[in-house]
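For ligands, and for the atoms within them, numbers begin at 1 and follow the listed sequence.
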Amino acid sequence: MWRLRALRPALRGNAVSRGRNRRTDRARFGSEASVTQFILENTEVVSGNSLTPEISLRLFTPNCKFWHERAELWPFADPFWAIYWPGGQALARYLLDEPRVAKDKKVLDLGSGCGASAIAAKLSGSANVLVNDIDPIAAIACELNCELNGLDPFPSETENLIGSEPKGWDLILLGDMFYEEALADSLHIWLQTCIRAQGTQVLIGDPGRGHLEKLRIKRHLHQLAEFELPHAVRKENFGLTSSSVWHYHPEL
Ligand SMILES: C[S@@+](CC[C@H](N)C(=O)[O-])C[C@H]1O[C@@H](n2cnc3c(N)ncnc32)[C@H](O)[C@@H]1O
């Protein structure tokens with residue numbers, strides 16, 4: 001049986017199953033139109049069960065076929081884009097509550113998944129938003145979510161940008177991206193480059209799975225907000241009760 005719980009424990013541990021090769025998945029599945037159709041048929045529009053009821057998203061729910069189906073039958077890599085992660089929820093809530101943070105800014109949502117943080121940034125008046133996820137299906141899911149929320153699709157990038165030349169982002173958003181030590185370390189180094197080069201502001205949404213505590217990056221984080229998670233989100237996240245927004249502010 002396909003269970004999102006199969007993904008969630010992975011985020012508590014050191015490894016996230018990458019499933020299959022993401023590019024090959026997309027190529028094998030066919031055109032963007034057929035991927036779009038697949039997403040439309042296998043997700044449900046959800047609003048109201050998250051920290052940001054004003055944002056609607058196409059997500060995996062118990063009403064979706066693959067929620068109950070054997071995981072091996074799922075044709076893509078693990079659908080992280082079909083979940084609205086608690087870290088992303090906190091980040092999106094914070095941006096909507098504090099619109100000055102993203103207003104007129106050039107924003108990068110790295111590891112964008114369903115795109116909710118990017119959507120919140122745009123609704124708060126960002127000048128432009130780039131979504132980046134190494135899963136190409138996430139870009140299509142994000143386009144559909146933009147449409148649901150009355151927004152034009154964002155430009156998207158599926159290359160791994162970590163380690164690349166910073167492109168003048170004023171604000172980088174990272175929702176639930178600290179689930180893997182190697183990923184966290186590479187982000188730590190690259191984010192410092194972005195800050196040094198362009199004074200980029202970096203905001204992190206994380207529900208404190210315990211992993212962040214152990215990471216080198218933790219001592220450079222300053223808590224900006226903490227949100228109690230709604231009942232439905234707690235239930236799906238193994239007893240997590242809150243999610244926080246952190247300002248990554250290393251001494252350079
Ligand atoms: C736990 S999900 C979080 C999604 C979203 N930010 C949220 O909070 O709902 C992590 C996402 O990061 C993406 N990801 C992992 N490594 C990445 C990388 N190096 N660059 C960009 N995206 C990455 C995954 O494909 C996945 O969609």
(message) Are Pro230 and Leu51 packed together at the side-chain level, in the sense that at least one heavy-atom pair is separated by less than 4.5 angstrom?
(response)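 Counting from C-beta outward, Pro230 and Leu51 do come under 4.5 Å.
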
(request) Answer yes or no: is there a side-chain heavy-atom contact under 4.5 Å between Phe227 and Asp97? (result) yes

(request) Can you label the angle between the His222 ring and the His247 ring as parallel, tilted or perpendicular, going by 30° and 60°? (result)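 Aromatic pair His222/His247 classed tilted.
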
Under 3.5 Å, N or O to N or O, is [X] touching ligand 1 that way?
X: Asp135; answer: no
X: Tyr84; answer: no
X: Cys114; answer: no
X: Phe80; answer: no
X: Gly88; answer: yes
X: Gln89; answer: no

(message) Suppose we call two aromatic rings close when their centres sit under 6.0 Å apart. Are Phe60 and Trp74 close by that rule?
(response) yes

(message) Counting only heavy atoms not in Gln198 (residues, nucleotides, ligands), do more than 12 fall under 6.0 Å from its CD?
(response) yes

(request) Have a look at Arg93 and tell me which of Glu98, Glu54, Glu226 forms a salt bridge (charged side-chain N to carboxylate O under 4.0 Å, His left out) with it. (result) Glu54

Using a 4.0 Å heavy-atom cut-off, which part of [X] comes near ligand 1: side chain, backbone, both, or neither?
X: Trp81; answer: neither
X: Asn160; answer: side chain
X: Trp85; answer: both

(message) Taking Arg234 first and then Glu228, would you say they form a salt bridge - that is, a charged N and a carboxylate O separated by under 4.0 Å?
(response) yes

(message) Check this for me: does any side-chain nitrogen of one of Arg58 and Glu41 sit under 4.0 Å from a carboxylate oxygen of the other?
(response)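 Glu41 and Arg58: not salt-bridged.
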
(message) Looking at ligand 1, would Ser112 count as a contact under a 4.0 Å heavy-atom criterion?
(response)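 Yes, Ser112 has heavy atoms under 4.0 Å from ligand 1.
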
(request) Any atoms of ligand 1 less than 4.0 Å from a non-hydrogen atom of Ile162? List them with their elements. (result) 19 (N)

